[in-house]
Protein chains: 2
Amino acid sequence: MTFVLAVDDDPAILRTLSINLRARGYDVETAGDGRSALQIVQERMPDVVILDLGLPDLDGVAVLKRLRSHAQVPVVVLSARHESDDKVEALDEGADDYVTKPFDMEELLARVRAAIRRTGGDGAPFVVEVGDVRLDITERQATRNGEEVRLTPTEWHIVEVLARREGRLVRQAELLHEVWGPGYDRETNYLRVFLAQLRRKLEADPARPTLFITDPGIGYRLVV
Amino acid sequence: MTFVLAVDDDPAILRTLSINLRARGYDVETAGDGRSALQIVQERMPDVVILDLGLPDLDGVAVLKRLRSHAQVPVVVLSARHESDDKVEALDEGADDYVTKPFDMEELLARVRAAIRRTGGDGAPFVVEVGDVRLDITERQATRNGEEVRLTPTEWHIVEVLARREGRLVRQAELLHEVWGPGYDRETNYLRVFLAQLRRKLEADPARPTLFITDPGIGYRLVV
DNA sequence: ACTCGGCGTCAAGATCGCGTCAAGATCCGC
DNA sequence: GCGGATCTTGACGCGATCTTGACGCCGAGT
């Protein structure tokens with residue numbers, strides 16, 4: 001399981017990061033300051049670090065240096081828009097990538113994935129293969145009979161949640177909650193629409209699905 | 001045993017929560033206000049907290065903060081739909097999950113399981129096996145001689161209630177109450193119809209049931 | 001032996017959930 | 001600001017599921 005360390009002084013941001021990363025199957029640790037971040041690193045080397053620059057104790061760049069001094073762990077830097085100088089400095093110092101606050105979660109996740117991939121990953125490529133369909137979750141690449149199939153972000157998100165529990169049941173409310181967030185727990189028509197789209201794109205016979213199975217009244221599952 | 005703390009100012013809700021959680025094997029404590037909730041937390045750290053926002057003394061968000069300040073216990077928030085969105089948003093930053101009232105019990109239970117699973121606790125898989133019949137309650141998968149048997153939502157619900165008390169008697173009114181809700185306590189013909197269906201699908205000889213036993217005039221039980 | 005209550009069985013009608021489609025609304029890159 | 005992709009929303013038909021009523025059987029009580 002990929003291990004991600006998130007470092008930020010704002011607990012709210014740590015929280016959202018934590019939730020979103022965990023929801024995508026990462027193992028997450030958080031740190032509110034540079035000191036504890038370095039401590040965690042010493043205990044267990046992360047596969048990627050998400051690092052805010054504005055920390056209460058050490059400077060973010062200092063943390064970055066210390067990290068780099070004896071490890072090649074990829075670092076994605078978070079920075080407020082106005083700290084442009086720091087940003088440059090951070091990149092100089094070896095940050096792999098950066099995202100400016102306020103950031104879009106999808107974008108950050110994409111960068112995290114990219115950072116992991118660039119360093120060879122932790123050897124946890126996440127691929128589901130069924131018949132002539134191949135779903136590479138980490139790379140976000142879907143093929144059918146070798147031909148590429150384009151999936152929209154929402155479609156990917158659904159596939160991801162289902163694939164993480166391959167074969168097992170995912171309840172409607174749960175799926176809605178994971179993909180659309182809280183408050184959408186009852187919008188089951190979304191599921192109907194998107195599952196239909198996924199089937200049209202991926203199933204041999206969309207009317208007789210073999211991949212995306214419906215458990216009427218309960219939820220869906222991805223059969224492998 | 002997993003320890004759940006439920007916090008709500010409405011005794012009725014606390015009651016249903018308590019009953020349902022206990023029925024599923026959780027150890028439950030309840031608190032009617034923020035102060036007592038925090039007190040309980042100090043005495044014994046729960047594995048998960050279910051927290052309503054509208055508390056008589058402290059604000060729910062305040063309780064959440066206090067909880068968060070020195071513990072990473074997962075919190076599932078209950079919130080009424082009409083409460084302002086920004087409150088919900090603020091919550092979103094601190095809570096692991098939330099469910100809007102009026103909530104579906106199954107849904108809430110799913111969230112509680114998810115919250116526990118996320119923090120390493122084990123979600124309890126629930127499987128009943130008798131002869132060549134296998135009933136996986138959490139996954140909603142039934143097999144007979146290895147072959148999958150499809151059960152409808154209501155059938156599952158009945159199986160679930162019976163399975164939870166494996167072997168022990170469940171009174172008619174009780175079963176009706178659990179599955180169809182209050183006001184159906186006398187519709188015993190429902191039970192006759194559905195039990196017959198279950199037997200037809202699962203029993204070797206539906207006329208001579210060995211799984212779903214009738215106690216005439218009293219109720220039913222699932223023999224294991 | 002007859003009656004009666006409770007149960008299992010069956011089938012028809014009502015209802016619900018799902019898949020499908022299409023028309024706005026919204027987002028995003030150019 | 002424009003145009004295409006994507007997401008949201010509403011409507012509709014169909015099949016599965018649930019509800020409802022009727023009937024016959026069996027055992028207990030009279």
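No experiment lies behind these values; they were computed from the predicted model shown. Chain naming here is simple, since letters A, B, ... match the order of the sequence lines and numbering starts at 1 in each.
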Determine yes or no for a side-chain-to-main-chain donor-acceptor pair under 3.5 angstrom, with [X] supplying the side chain and [Y] the backbone.
X       : Y       : value
D9(B)   : L55(B)  : no
D47(A)  : F3(A)   : yes
E139(B) : L169(A) : yes
E203(B) : T210(B) : yes
N145(B) : E147(B) : no

Using 4.0 Å as the upper bound for N to carboxylate O, is an ion pair formed by [Y] and [X]?
X       : Y       : value
R150(A) : E155(A) : no
E178(A) : R171(A) : no
E174(A) : R165(A) : yes

query = Using a cut-off of less than 4.0 Å, is there contact between a side-chain N or O of T214(B) and OP1 or OP2 of dG8(C)?
reply = yes

message = I want to check one thing: is the phosphate of dG8(C), taken as OP1 and OP2, less than 4.0 Å away from some side-chain N or O of Y220(B)?
response = yes

Gap between atoms [atom1] and [atom2], on [X] and [N] respectively (whole Å):
X       : N       : atom1 : atom2 : value
R199(A) : dC21(C) : CZ    : C1'   : 16 Å
R186(A) : dG17(C) : CZ    : P     : 12 Å
D215(A) : dG17(C) : CG    : P     : 15 Å
Q172(B) : dG5(C)  : CD    : P     : 16 Å
R200(A) : dT20(C) : CZ    : C1'   : 8 Å
L191(A) : dT20(C) : CG    : C1'   : 15 Å
F212(B) : dT9(C)  : CZ    : C1'   : 17 Å

query = Does any non-hydrogen side-chain atom of V112(B) lie less than 4.5 Å from one of I50(B)?
reply = yes

key: Nucleic acid footprint by protein, nucleotides 24-30 of chain C - heavy-atom cut-off 4.0 Å, B for base, S for sugar-phosphate alone   = -------

Base-contact (B) and sugar-phosphate-only (S) positions in nucleotides 7-24 of chain D, heavy-atom cut-off under 4.0 Å, - elsewhere = SBB-------SSBB----

